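The shown structure was predicted, so the numbers you read here are calculated from the model rather than taken from an experiment.
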Amino acid sequence: MGVDLGDLLKKKPVELSDLSSKVIAIDAYNTLYQFLSIIRQRDGTPLKDSKGNVTSHLSGLLYRMSSLMEAGIKPVFVFDGKPPEMKSSTIEKRVEARENAKIKWTQAQEAGLAEEAYKYAQASSRVDATIVEDSRKLLDAMGIPFVDAPSEGEAQAAYMVSRGDADYTGSQDYDSLLFGAPRVVRNLTVSGKRKVPRKNLYVDVKPEIMQLEETLNGLGISREQLIDIALCVGTDYNPGLANIGPKKALKLVKEHGGIKEVLARTGNEIPGLADIKEFFMNPPVTKDYALRWKKPKTDSVLQLLCDEHDFSRERVTKALEKLEASSGAGQRTLDSWF
DNA sequence: CATACACA
DNA sequence: TGTGTATGG
């Protein structure tokens, strides 16, 4: 998912402490998917409570958010609304890939291929309605606000940064830049370590920020041209052109001015081009939101995580102490509203 | 992924 | 003070 523009974009590593007091509009889907895919046992099974419900996302949310808030960061989650019709092909492909991965997971398990099994287990992750519902309950109990996007969460998050209601969008994907987010932060993690795929190796990963204006100036293009490049490479709304990666796309778009000319020159076409461009330039968003960070409801968090999902009381209590110590839950924001 | 804990 | 490894639910 998302757009593969990583090589073109200028990224600046930062410390978590540099993001203190910043409001970060986090793409909920992206984050939950990451948690579900990565927080697993060595055989690939996600964390589960005694009733068999998956809890990886709750674990990820609790520990990461309490650490970020302790560092003074003010997260707000943005949930997806109704996906646009032009995304349906991508959505169908994801469903299919997931079903396929489930079968292969079982097969690999039976064949005793641990690494294969793990890989397919990850690929079978799904952010379903229950996952979303649990996550909203936990965020609410933790006092972290969330916003419901009318359509794409990345677009809503970008809008919130454009308006100045948030400082950054937070996502591993680059889409929010296309939607016009002035600033994006990736790798918004605590530990700073990430496992490299397939290898038994960990590398240091720091949060990194990207700035739209700076990126565009550096490449010598407009946002519309950045979108054109994405369209060449492929987005959630179109498959992309054969044998054209980010670098070639940049060259072509700069040379010919825009996607229309590139298509004409290369003998390609993108069905629904105008609608897709319009969607990136002017996505459905809402201004119907209020960002309030509240004191965590300790009892609700303990009830949800410990009583309902078998989390350790000791660990959850420790995380709650971090939350309560955070400035985000405290004075300024809260008092300004009450 | 984040944390805890062992051990250098 | 750091690095590797196991565990969480």
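Among the nucleotides C:dA6, B:dT3, B:dC1, the one closest to the side chain of A:R42 is C:dA6. Checked against B:dT3, B:dA2, C:dG9, the side chain of A:K322 finds its nearest nucleotide in B:dT3. When each of B:dC1, B:dT3, B:dA4 is scored by its nearest atom to the side-chain atoms of A:Y63, the top-ranked nucleotide is B:dT3. With B:dT3, C:dG8, B:dC1 as the choices, the nucleotide that has an atom nearest any side-chain atom of A:V190 turns out to be B:dT3. Residue A:I39 has its side chain nearest to C:dG8 when only C:dG9, C:dG8, B:dA4 are considered.
Between the side chains of A:D310 and A:S50, a donor-acceptor pair is found at a separation under 3.5 Å. Looking only at atom types and distance, the side chain of A:N268 has a donor-acceptor partner in the side chain of A:T266 under 3.5 Å away. Between the side chains of A:D165 and A:Y289, at least one donor N or O lies within less than 3.5 Å of an accepting N or O.
For B:dA2, the OP1/OP2 oxygens have a side-chain nitrogen or oxygen of A:R64 closer than 4.0 Å. The side chain of A:K51 places no N or O atom within less than 4.0 Å of a non-bridging phosphate oxygen (OP1 or OP2) of C:dG9.
Between the P atom of B:dC1 and the CE atom of A:M65 lies a distance of 13 Å, rounded to the nearest Å. At whole-Å resolution of the value, CD in A:Q122 and P in B:dC1 are 10 Å apart. Distance CZ (A:R40) to C1' (C:dA6): 18 Å, rounded to an integer number of Å. Separating the CG atom of A:L61 from the C1' atom of C:dG8 is a distance of 15 Å, rounded to the nearest angstrom. Look at CG on A:D134: it is 13 Å from C1' on C:dG9, rounded to the nearest Å. When rounded to the nearest whole Å, the span between CD of A:Q172 and C1' of B:dC1 equals 12 Å. Rounded to whole angstrom, the span from the CG atom of A:L58 across to the P atom of B:dA2 amounts to 15 Å. Atom C1' of nucleotide C:dG9 and atom CG of A:L36 are separated by 13 Å, given to the nearest angstrom.
When heavy atoms are screened at a 4.0 angstrom cut-off, A:R315 is found touching the sugar-phosphate backbone but no base atom. Heavy atoms of A:S67 sit under 4.0 angstrom from primed sugar atoms or phosphate atoms, though from no base atom. At a threshold of 4.0 angstrom between heavy atoms, the contacts of A:S312 are confined to the sugar-phosphate backbone, with no base atom among them.
Checking each of A:N187, A:T31, A:D27 against A:Q172 for a side-chain hydrogen bond (donor to acceptor under 3.5 Å, both in side chains) leaves exactly one that passes, namely A:N187.
Relative orientation of the A:F179 and A:F280 rings is tilted, given thresholds of 30° and 60° on the angle between their planes.
For A:Q41 against C:dG9, a side-chain-to-base donor-acceptor contact under 3.5 Å is present.
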